[in-house]
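Beneath this line is the structure, given in structure tokens, with notes to follow.
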Amino acid sequence: MPNIGTIDVALDEMLVNLAAIVLRLARPEVTRTPEARRALAQSVHQYAVCAKRSRDPRVHVLKSQLEETLKPSLRIVAIDGVKVA
């Protein structure tokens with residue numbers, strides 16, 4: 001039976017690579033449609049479930065970055081010279 005530590009390291013590396021792919025897909029020009037946003041949300045959720053038990057800090061940083069992609073961005077709009085967020 002393979003060493004459990006070796007398997008954990010391999011899984012962490014896979015999670016890091018997966019997060020990089022999902023982050024590329026999270027760009028606004030890729031996720032324009034509601035279907036694409038829902039698919040992104042599902043991918044981020046599934047990643048978070050897998051990352052939950054990881055002890056690799058990179059995985060948790062990437063999880064946070066992925067979760068940030070789901071938050072709507074704020075736009076500043078000026079109305080009659082008054083800025084409104």
If you compare all heavy atoms of [X] against all heavy atoms of [Y], which two are closest, and at what distance to 0.1 Å?
{"X": "Leu23", "Y": "Leu62", "answer": "CD1-CD2, 3.9 Å"}
{"X": "Ala48", "Y": "Glu67", "answer": "CB-OE2, 4.0 Å"}
{"X": "His60", "Y": "Ala51", "answer": "CE1-O, 3.2 Å"}

With the side chain counted from C-beta on, respond yes when [X] and [Y] share a heavy-atom pair under 4.5 Å apart, and no when they do not.
{"X": "Thr31", "Y": "Leu25", "answer": "no"}
{"X": "Asn17", "Y": "Met14", "answer": "no"}
{"X": "Val49", "Y": "Gln46", "answer": "no"}

For the atom pair CZ (Arg37) and CG (Leu70), what is the distance rounded to the nearest 0.5 Å?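 Between atom CZ of Arg37 and atom CG of Leu70 there are 6.0 Å.
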When rounded to the nearest 0.5 angstrom, what is the spacing between NE2 in His45 and CG in Leu66?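 His45 NE2 to Leu66 CG: 13.5 Å, rounded to 0.5 Å.
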Would you say the side-chain atoms of Tyr47 pair up with the backbone N or O of Leu15, donor to acceptor, closer than 3.5 Å? yes
Going by side-chain contact (heavy atoms from CB on, under 4.5 Å), name the residues that satisfy it together with Val61, two or more places apart in sequence or in a different chain. Gln65
Quick one: list whatever passes side-chain contact (heavy atoms from CB on, under 4.5 Å) with Glu35, sequence neighbours left out.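 In terms of side-chain contact (heavy atoms from CB on, under 4.5 Å), with neighbours along the sequence ignored, Glu35 is linked to Thr33, Arg38.
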Can you name the residues that form a salt bridge (charged side-chain N to carboxylate O under 4.0 Å, His left out) with [X], not counting sequence neighbours?
{"X": "Arg58", "answer": "Glu13, Asp56"}
{"X": "Arg32", "answer": "none"}
{"X": "Lys52", "answer": "none"}

Any pair counted as salt bridge (charged side-chain N to carboxylate O under 4.0 Å, His left out), so long as it reaches residues 42-51, sequence neighbours left out: none
Cluster link Val30 to Ile21, ILVMFWY, side chain under 4.5 Å: yes
Is it possible for you to say whether Val59 and Leu11 belong to one hydrophobic cluster, with membership spreading through side-chain heavy-atom contacts below 4.5 Å?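 No; Leu11 is not reachable from Val59 via cluster members.
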